[in-house]
Each structure stands twice: as C-alpha cells, then as structure tokens.
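Here the structure comes first, spelled out in structure tokens, and everything after it is commentary.
Small disclaimer: the values here were computed from a predicted structure and weren't measured. All heavy atoms count here, side chains included; hydrogens, waters and symmetry mates do not. So that the names make sense, note that chain A is the first sequence line, chain B the second, and so on, each numbered from 1.
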Number of protein chains: 2
Amino acid sequence: MAQKGRPRTFVEHEVLDAAMRVFWRHGYEASSITELRAQTGLSAASLYGAFGSKEGLFERAIEHYIAGPGGVSELVGDLTLDPLDALGQMLHGTIAMQSDPAYPGGCLVALSATVGAGGDDDVAARKTVAARRAEDRSGIEACIRRGVDNGAVRADLDPAISAIMVHSFVLGVSTQLLDGVPPAALHTAADLLLTGL
Amino acid sequence: MAQKGRPRTFVEHEVLDAAMRVFWRHGYEASSITELRAQTGLSAASLYGAFGSKEGLFERAIEHYIAGPGGVSELVGDLTLDPLDALGQMLHGTIAMQSDPAYPGGCLVALSATVGAGGDDDVAARKTVAARRAEDRSGIEACIRRGVDNGAVRADLDPAISAIMVHSFVLGVSTQLLDGVPPAALHTAADLLLTGL
DNA sequence: TCAATATAGGAACGTTCATTCCGTAAATCG
DNA sequence: CGATTTACGGAATGAACGTTCCTATATTGA
C-alpha cells in the first residue's frame, strides 16, 4: 500500500515539531525559510513540495501545536470536571506549559502574527491564530456558563464578560513570562483572578 | 540662534507621529524603511541623518508614544487620586485609547517586538518596549500598595501579585481589541477585575 | 561675498527574503 | 526490465530589505 514514487526521508511529525519551535521563538514573519530549513533539515524543494508555502507550513505547525502543548487550553471543555476546577486547571496548565523550559516560552497562538505587514501575505497567518483565539474565548465562556448553571460561579455576572476578563489575563501571560515575571507569581495571580468569579 | 547649515524642512514632531503609527500598525520588524519614508515624507538621507537608524527612529517613536497616547498608563502614578480610582481610570483610559479610531488600535508597547528574529538587530527594540512594560508593572504595584496603606484595597493580598494580575489583563486587552472584542465589553470586564482587589 | 556646515534628493550598496527550476535518485506498477 | 511517479540537493530567481554614498542646495558666521 506504500505510496508510489520515491519515499520521503523525513518524518512529518518531527518536521512540524521543529517548525513549530521556530515560529514559536520568532513569530510568523520573523521566521525565515532559511532557519526553518536549518531546523527541520529539509531542502527547499522538500519543504515546498510537502507544505506548499511558508504559510502552509505555519498552518500545519499551528495544528501540531494545538494537538500538543497548546492543547492545555481545551481543558475548559472537559465536561467531567467541575467548571471552576476546569478553569483553574486550564489557567495553571497554560502557565506551566508556557514556562516549561522544554519549549521556547510564551504561547505560539498569543504571540505569533498579532501585528504585521499590511500585505496580503501574512494576513492568512494572522487569521489562523485569531481563529484559534476565538475558539479559546468561547470555550472559556461556555465553561463559565456551565459554572453559573452549576451554582459554582456567581450568577450575577455575564459569562461573556467574565470570559473576556479571564481570556485577557491568559493572553497577557505570554508577554509577562517573556518579560521575566516568575511563573509562580503568575500561578498565584491566576488563583486570585478566579476568586472574582 | 538658529543652527548653522541648511535648515530642516520637516517638523520632527510630525515625523515621529507618522513613524509611531507605522510601528503601531505593523510592529517593529514588519515596518519597512520604505513605508516609514512614505508616511513621514523623509528621504533616506534625512531619516538616517536625523535618527541614525531604524532602531533609533523606533526609540524616538516610543518616546513620542509615551508622551502622547501611551501616557494613559501613567495615571496610576497620580497621587492626588484615590488608588482604586487611579487604577480604574488607567484601565478605562487604556481601553479607550486602544480602541480610539484616531489610532491604529491596540497598544504599541504591548504588541511591538514581543517576539522576533534572534539576530542582534531587533533585540534593542525589544528591550526598549520591555523596559516600558516593566515601568507599567511597577507603577501598578506601587498604586496597589498605596491602596493597601489607604485601606481601599484588600490587605490580605500581595500587591506584587495583584499588580501582575492587573497588568496581565492590560496586556491582553490589545490582542482582544485586534480580535474584534467590543470595547464596551472590555470596560465592563475591567470593572469586574477591580472588584477582586 | 566666501568658507564652513548641515540637509535634501536619488541612485546604488550588498544581503536576505520566499519561491521556483533542474537534473538526479529511489520507490511502485505493468 | 522499462515506465511512471515522487522526492531530493543545490543553484538561481526577482523583489525587498536596511543602509550608505554622492551631489546639489540652503543656511550661518566672517
């Protein structure tokens, strides 16, 4: 059943992991094909043959991120957890992941392609990460809504507003960590944030 | 007392304002000298003669930003205000400024040069904005500390932790606004955040 | 009016960018 | 084995990057 033609000499999973780290460190625009090739070990022909373009590789790298370290944000969708616990686990998991020395630091989705050139070029890349952020936001909101129904969360608050507050905090965490704020302080701050709900 | 030599045909203040907006829209790296020249109206020789380099122009543009719209963050240092009021005014003022249609949207300091190429090139630009973020963080902390002394803020909380929570929220606001979250919702979320203190 | 000083315009610098093309190598299918 | 298909390594593409150089121009101080 193997494919026709010469087989690939690289493992796609490993290539995506290396590319993810490059984009993570530098953002979309500042990641050059030269460095992506160096870190992945791919020739230009192989890279473009397999992923089509820098933008195509970025989208695949984002998928890889979400399937991997970035998956912590989906803890708010765990229906087996108490909503407030789910929020807490998401917050602490996110901070832990973003400060894990095994990764470049911060959040790929929060930091890549927030601003950029006006050209049509990186607009697609920005849309890719903005879409993921929108998912995170609505996931948090749904979790809080369950908490209200559950009685674990204050009923006098608009879940949409609370979700925006929590998500704004989460987005800020990336910059804080890059600025050298200690992870432990952010964990404590996250707990404080949750006491308001 | 006018200077010797041929006088400048541009007004520095206007040039800095135009450059600030370019950096604001695109970030440091994605702002090309070509567009900076187009928006400022300066020739390459004038630009480099007056500011030395792209990085030099960026630093001056950041100063201009802080002296202008970015100055809202310094409301937390207003000792004539009740600390909690000062925090509130800073938060609402920041959200209002970042959603003001007269400006590109978001915060120049929060969005520019958070990530970038590893080269020595833009490291200086990142340090410039990181330093400003550190000032904001400690300003918030000092304000909260005054609130504790004042009795307006809960005494059982570590002001450093509370400041990190508030600042993380502030940093996240930029991305939220760029993602299309309504300013009104962020204003309400800011009020909710302050109720935790 | 004449040297000295500083800005302006514009071409040109070498480098890096993302991407494509070409000849060769390694697999499957008939 | 021959035809086909896919992937590889590496050179080459034109465009854009930040920066510098050169010449002309406009001012001040003597």
Side-chain angles (χ1 to χ4, degrees), chain A residues 1-16 19 22-23 25-61 112-113 116-126 128, chain B residues 1-16 18-19 22-23 26-61 112-113 116-126 128:
Chain A
M1 269 291 282
Q3 292 277 12
K4 240 185 287 190
R6 179 174 172 175
R8 291 181 170 166
T9 59
F10 62 88
V11 183
E12 193 174 83
H13 167 269
E14 294 173 357
V15 164
L16 286 176
V22 174
F23 286 126
R25 261 194 301 275
H26 303 319
Y28 174 72
E29 293 215 291
S31 297
S32 68
I33 295 289
T34 302
E35 182 169 3
L36 286 165
R37 294 214 304 121
Q39 297 295 325
T40 58
L42 261 61
S43 71
S46 301
L47 195 157
Y48 279 86
F51 303 103
S53 65
K54 180 183 175 183
E55 160 65 25
L57 176 59
F58 180 70
E59 285 182 20
R60 296 293 309 279
S112 301
D120 306 327
D121 222 31
D122 57 316
V123 169
R126 284 210 290 282
T128 299
Chain B
M1 270 295 281
Q3 292 275 11
K4 242 186 281 191
R6 179 172 172 175
R8 290 182 170 167
T9 60
F10 62 88
V11 183
E12 193 174 83
H13 166 270
E14 294 173 358
V15 165
L16 288 175
V22 174
F23 285 126
H26 303 319
Y28 174 72
E29 292 215 288
S31 297
S32 68
I33 295 288
T34 302
E35 181 169 3
L36 286 164
R37 295 214 303 122
Q39 297 295 324
T40 59
L42 261 61
S43 71
S46 301
L47 196 156
Y48 280 86
F51 303 103
S53 65
K54 180 184 176 182
E55 160 65 24
L57 177 58
F58 180 71
E59 284 183 20
R60 296 292 310 279
S112 300
D120 306 327
D121 223 30
D122 58 313
V123 169
R126 284 211 289 284
T128 299

Base, sugar-phosphate or nothing for A/S32? Non-hydrogen atoms, less than 4.0 Å. sugar-phosphate
Using a 4.0 Å heavy-atom cut-off, does B/A50 contact any base of the nucleic acid, only the sugar-phosphate backbone, or nothing at all? nothing
Rounded distance (nearest 0.5 Å) linking atom [atom1] of [X] with atom [atom2] of [Y]:
| X | Y | atom1 | atom2 | result |
| --- | --- | --- | --- | --- |
| A/F58 | A/R126 | CZ | CZ | 10.5 Å |
| B/R8 | B/S46 | CZ | OG | 8.5 Å |
| A/E35 | A/R25 | CD | CZ | 6.0 Å |

Taking atom [atom2] of [N] as reference, at what distance in whole Å does atom [atom1] of [X] sit?
| X | N | atom1 | atom2 | answer |
| --- | --- | --- | --- | --- |
| B/L47 | C/dG10 | CG | P | 15 Å |
| A/F51 | C/dA18 | CZ | C1' | 16 Å |
| B/Y48 | D/dG18 | OH | P | 7 Å |
| B/I33 | D/dT20 | CD1 | C1' | 12 Å |
| B/E35 | D/dG18 | CD | P | 11 Å |
| B/L36 | D/dC17 | CG | P | 10 Å |
| B/L42 | C/dG10 | CG | C1' | 14 Å |
| B/K54 | D/dT20 | NZ | C1' | 17 Å |

Both B/R37 and A/G41 contact DNA chain D. Taking the nearest nucleotide for each, which residue is further toward the 5' end? A/G41
Considering only side-chain heavy atoms of [X], which listed nucleotide, [options], is closest?
| X | options | value |
| --- | --- | --- |
| B/F10 | C/dT19, D/dG9, C/dA8 | C/dA8 |
| B/P7 | C/dA8, D/dT27, C/dT19 | D/dT27 |
| B/T34 | D/dC8, D/dT28, D/dC17 | D/dC17 |
| A/K4 | D/dG9, C/dA8, C/dC29 | C/dC29 |
| A/A45 | D/dG10, C/dT19, C/dA8 | D/dG10 |
| B/S43 | D/dA7, D/dT19, C/dA8 | C/dA8 |

Just to confirm, is there a sub-4.0 Å distance from OP1 or OP2 of C/dA8 to any side-chain nitrogen or oxygen of B/T9? yes
Checking B/K54 against B/Y28: charged group under 6.0 Å from the ring centre and within 45 degrees of the axis? yes
Quick one: does B/R6 reach the base of C/dT7 with a side-chain donor-acceptor pair under 3.5 Å? yes
In terms of the nearest nucleotide of DNA chain C, which residue is placed more toward the 5' end: B/G49 or A/A44? B/G49
Which one of B/I33, B/L57, B/L42 satisfies the side chain to side chain contact (heavy atoms under 4.5 Å, CB included) criterion with B/Y48? B/I33
